[in-house]
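FYI, the numbering just counts along the sequence from 1. Predicted, not measured: the structure shown is a model, and the values here were computed from it.
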Amino acid sequence: MKITSIRITAIKDSETRLKAIANVTFDEVFAVCGIKILQSEIGYFLAMPSKQLKDGRFADIAHPINQEGRAVFEKLLFWGYEYVLQSECASIDMNLNDPKCTDLYTQEPANFSVSVIY
């Protein structure tokens, strides 16, 4: 399994910790939408898509199973968000352009081409 595309859309409201929303596609057949890039006092972190339970708590709908998988998500999504900031655009598409990249754990930002959407 590998990530084949990522879309990152910046949230321009500086009053909130929410900085961007990301959608990730795996093997061109399965998508996880609504991954949030948030900012805290110590830096950025990811919040996976979740739903609110009847008792008010939130439960993740989709999430990485291990720390290595989370590290790949963080590396690619934070790199993409920095690209959005540096390009001063609102949204980008990152598409896998390296056919030699065969699994999630070997993916790097250099494996992707980036297109500015707007």
> Below 4.5 Å, heavy atoms only, C-beta onward: do L46 and F78 meet side chain to side chain?
Replying inline: yes
>> If the threshold is 4.0 Å, N to carboxylate O, is there a salt bridge linking D55 and R57?
In response: yes
>> Between L53 and F58, is the side-chain contact (heavy atoms from CB on, under 4.5 Å) condition met? List the steps.
In response: CA-CA 6 Å; L53 304 175; F58 286 86; over 6 Å; no
>> Quick check for you: to the nearest 0.5 Å, what is the distance between T9 atom OG1 and D93 atom CG?
In response: 8.0 Å
>> Can you tell me if Y105 has over 12 outside heavy atoms packed within less than 6.0 Å of its OH?
In response: yes
>> To the nearest 0.5 Å, what is the distance between CG on N95 and CD on E28?
In response: 8.5 Å
> Counting distance only, does the side-chain N/O of D60 pair as donor-acceptor with the main-chain N or O of H63 below 3.5 Å?
Replying inline: no
> What's the verdict on side-chain contact (heavy atoms from CB on, under 4.5 Å) for I35 and N23, showing C-alpha distance, side-chain angles and the deciding distance?
Replying inline: CA-CA 6 Å; I35 301 169; N23 300 329; over 6 Å; no
> Could you go step by step and tell me if S91 and R7 meet the side-chain contact (heavy atoms from CB on, under 4.5 Å) rule?
Replying inline: CA-CA 7 Å; S91 189; R7 176 171 285 187; 4.0 Å; yes
>> Here's a test for you: under side chain to side chain contact (heavy atoms under 4.5 Å, CB included), which of V84, L76, V24 qualifies with I8?
In response: V84
> Should D103 and M1 count as side-chain neighbours, where that means a heavy-atom distance under 4.5 Å?
Replying inline: no
> Any chance CD of E88 has more than 12 other-residue heavy atoms, nucleotides or ligands included, within less than 6.0 Å?
Replying inline: no
> In Å, rounded to the nearest 0.5 Å, how long is the span from NZ of K2 to OG1 of T25?
Replying inline: 13.0 Å
> Nearest heavy-atom pair of F45 and Q39: which atoms, and what distance?
Replying inline: CE2-C, 4.3 Å
>> Do P109 and K75 make a side-chain contact, defined as non-hydrogen atoms from C-beta onward lying under 4.5 Å apart?
In response: yes
> Closest approach of N97 and A110, non-hydrogen atoms and distance?
Replying inline: OD1-O, 4.2 Å
> Once the angle between the rings of F73 and F26 is folded into 0 to 90°, is it parallel (under 30°), tilted (30 to 60°) or perpendicular (over 60°)?
Replying inline: tilted
> Are more than 12 heavy atoms from other residues, nucleotides or ligands located less than 6.0 Å from atom NZ of K51?
Replying inline: no
> In Å and rounded to the nearest 0.5 Å, what is the OG1 to NZ distance from T106 to K100?
Replying inline: 12.5 Å
> When rounded to the nearest 0.5 angstrom, what distance separates CD1 in I3 from CG in L77?
Replying inline: 7.0 Å
>> As an exercise, state the distance from OG of S50 to CD1 of I61, rounded to the nearest 0.5 Å.
In response: 6.5 Å
> Between C89 and Y118, does a side-chain contact (heavy atoms from CB on, under 4.5 Å) hold up when you go through it step by step?
Replying inline: CA-CA 6 Å; C89 63; Y118 56 92; over 6 Å; no
> Does the side chain of I11 reach to within under 4.5 Å of the side chain of K19, using non-hydrogen atoms?
Replying inline: no
